[in-house]
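Written below as structure tokens is the structure these notes are about.
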There are 2 protein chains.
Amino acid sequence: GIQFPQNQMEIVKESETTALIDAHNGMGHPTAYRAMQLAIDKAKQYGLGAVAVKNATHFGIAGYYPLMAAKQGLMGFAFTNARPSIAPTFGTEPMLGTNPIAFAAPSDTDLPFCFDGATSIAQRGKIEVADRAEKPVPEGWVIDAQGKSMTNAAEILKAIPKDLASLLPLGGAGESLAGYKGYGLAVMVEILSASLSGGPFMKDLLGFAEDGSRRPHMLGHFFLAIDIEHFLPLETSRKITGDIMRALQGATKAPDADRIYVAGEKEFEKEQLICEIGIPVNENLLKDLRMLRDTLKVTGYEDYF
Amino acid sequence: GIQFPQNQMEIVKESETTALIDAHNGMGHPTAYRAMQLAIDKAKQYGLGAVAVKNATHFGIAGYYPLMAAKQGLMGFAFTNARPSIAPTFGTEPMLGTNPIAFAAPSDTDLPFCFDGATSIAQRGKIEVADRAEKPVPEGWVIDAQGKSMTNAAEILKAIPKDLASLLPLGGAGESLAGYKGYGLAVMVEILSASLSGGPFMKDLLGFAEDGSRRPHMLGHFFLAIDIEHFLPLETSRKITGDIMRALQGATKAPDADRIYVAGEKEFEKEQLICEIGIPVNENLLKDLRMLRDTLKVTGYEDYF
């Protein structure tokens, strides 16, 4: 989406434990980084800290921000809304963003617990990856305007902004496997992102003005930090979280399963691997990268791709 | 489970925004009520308030506590762990409680938004209801020790404490429909409930001492309140939350759907109906109630059942 390269974030309202920031549509990542650090600093002093942000742009990986807290010995949450793509239970219209919940807590090992999940079954990025790889998406992720399953990634991406396709909430369509829970969690994240920041929400996040021209998405975020030492010694908490993680990793496995993971573990190992071997990309993304490099005459990357 | 009728809850540690309570295995509801109100009172003054509780017993409906916040013009969260019943993704052993997430926010109508959902597809109570009604539970809710589906409610309730059956996390078995998200959220709730309170967790919540004798479940809770006025005027927030709810209720419906609900709406309407007509019970529960009434020689209820 559209964003302004100069960061002009402004603290509109502030108290010991809280702040409201207007990001003025500046770049998403630095604003979110500063907002989370502000929540952490407040929590270190007062036990809890929370920062709501309005007029924000995409902040990248939601889990990055709670991990900042975990690395500093706190627990952290990040929530954000996004342009509408999830249909409510019994509906076929994309109303809610993929609205992730991200949470991290420090353990007694190098691996913190880090959950970062969209409240839909799959987030938009996974469908974009399938599109680039020219692969279909699995049955049960997306429905069309009649509520029927869609699997063609390119068609889905074109249909969502026209209200002709919707992502299903975690738990799927209807009530039998509790899709109303994924739906309810998505609304919770929408409320945390909009009803504390006062920013736009749902259809107003589409990135188009009334005259049809493009405009920033004007997202809302909510960051929360919890200082563990205000409750109990950090080492006690780290040990309990580590014990929880180890118990899960050691649980009885299904006959066809190799390994039980905890949230954040695959990403942690992938990060270590990528730092060694580099980032794998598919052919179509490689083409895009080469086109960008050559069009913009960027030099110094000839050895990499 | 076992609980002590006299409430001897003790505030072990306290700051402006936080408190740690040892419930000493007293009755669950009054302890949870006081803990949530303490979080609300702290939030009203400092913007945020959080209370962790250890050695607690079952507090009933999780959504009751965030609704206390919503009724006082705040947003609220309640989390609790519970005796193990959910298997992790790729596992077949019940490791995590049904660990609910409950959240409420005030709107500009009588209906607040209130999400209250176990992080499993179905919570244990629904299986107990199916058992009393002598009905099977739907496919996909529960697996046996080999990972195969189980539907007999009575058998499931007997098998879970023996590690021979597990509830599936929201999203189901494996990764295809994102069951790792329900699993990750269940762990998040376990960490919030244990790693801030310092109480027992997972298998230590089974309610049995090492010598096999029964003991209290020693649950952990975490309550959080957010004072809206610290961010923006309460009426602005109420209006945004109300607008979000109305937009969802008015979204395009699936061809076979009558109505789109928001979280808490069915329960709100049911409560109003029940206040008028009374509580419907099935034959087996009616038998239990009559037996209790007659055994305990309780008088004054002859007209009701």
Side-chain angles (χ1 to χ4, degrees), chain A residues 13 15-18 20 46-48 50 52 88 90-93 95 103 105 113 115 117 121-122 138 140 146-147 170-172 176-178 181-182 184-185 187-188 190-191 194-196 198 201-202 226 228 230-232 236-237 240-241 244 247-248 251-255 257 259-260 262-263, chain B residues 13 15-18 20 46-48 50 52 88 90-93 95 103 105 113 115 117 121-122 138 140 146-147 170-172 176-178 181-182 184-185 187-188 190-191 194-196 198 201-202 226 228 230-232 236-237 240-241 244 247-248 251-255 257 259-260 262-263:
Chain A
K13 191 174 163 84
S15 78
E16 288 91 338
T17 65
T18 61
L20 171 61
Y46 293 99
L48 301 169
F90 301 137
T92 59
E93 184 182 353
M95 296 296 289
F103 168 79
F113 178 82
F115 176 81
I121 295 173
Q146 281 68 50
L170 181 60
S176 61
L177 296 176
K181 294 190 187 179
L185 290 169
V187 183
M188 176 185 90
E190 195 76 36
I191 290 172
S195 303
L196 291 166
F201 50 91
M202 294 163 82
I226 302 168
I228 294 168
H230 273 72
F231 293 92
L232 77 188
T236 307
S237 178
I240 292 173
T241 299
I244 290 172
L248 291 164
T252 306
K253 287 187 282 290
R259 185 171 162 188
I260 292 173
V262 290
Chain B
K13 190 174 163 86
S15 78
E16 289 90 338
T17 67
T18 61
L20 170 61
Y46 293 99
L48 301 169
F90 301 137
T92 59
E93 184 181 353
M95 296 296 289
F103 168 79
F113 178 81
F115 175 81
I121 295 173
Q146 281 69 47
L170 182 60
S176 60
L177 296 175
K181 295 190 187 180
L185 289 169
V187 183
M188 175 185 90
E190 195 76 36
I191 290 172
S195 303
L196 291 166
F201 49 91
M202 295 165 78
I226 302 168
I228 294 168
H230 273 72
F231 294 90
L232 77 188
T236 307
S237 179
I240 293 173
T241 299
I244 289 172
L248 291 163
T252 306
K253 288 188 282 288
R259 185 173 163 187
I260 293 174
V262 290

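Given the structure is predicted, the values throughout are model-derived calculations rather than measurements. The chains referred to below are lettered A, B, ... by the order of the sequence lines, with proteins before strands, and numbering in each begins at 1.
Contact annotation for B:M188: both backbone and side-chain heavy atoms come within less than 4.5 Å of a heavy atom of chain A. Heavy atoms closer than 4.5 Å to chain B are found in both the backbone and the side chain of A:K253. Only the side chain of B:A105 has a heavy atom closer than 4.5 Å to any heavy atom of chain A.
Qualifying side chain to side chain contact (heavy atoms under 4.5 Å, CB included) partners for B:L177, counting only residues two or more places apart in sequence or in other chains: A:I121, A:W141. Residues forming a salt bridge (charged side-chain N to carboxylate O under 4.0 Å, His left out) with B:E93 (at least two apart in sequence, or on another chain): B:K203.
Looking at heavy atoms from C-beta onward, B:T18 lies in side-chain contact with A:F231 at the 4.5 angstrom threshold. Between B:L248 and A:V187, the closest side-chain pair of non-hydrogen atoms falls below 4.5 Å.
Highest contact tally toward chain B, considering only A:A178, A:S195, A:A251, is held by A:S195 [criterion: heavy-atom pairs under 4.5 Å]. Per-residue counts of heavy-atom pairs under 4.5 Å with chain A were compared for B:P138, B:G198, B:G147, B:A263; the largest is that of B:G198.
Residue B:K181 holds its NZ atom at 11.0 Å from CG of A:L185, rounded to the nearest 0.5 Å. B:E16 CD to A:T17 OG1: the interatomic distance, rounded to the nearest 0.5 Å, is 10.5 Å.
Side-chain atoms of B:S237 never come within 3.5 Å of backbone atoms of A:L196 as a donor-acceptor pair (strictly under, hydrogens ignored).
Summarising the geometry of B:T92 relative to A:A254, their closest heavy-atom pair is CG2-CA, 3.6 Å, with the distance given to 0.1 Å.
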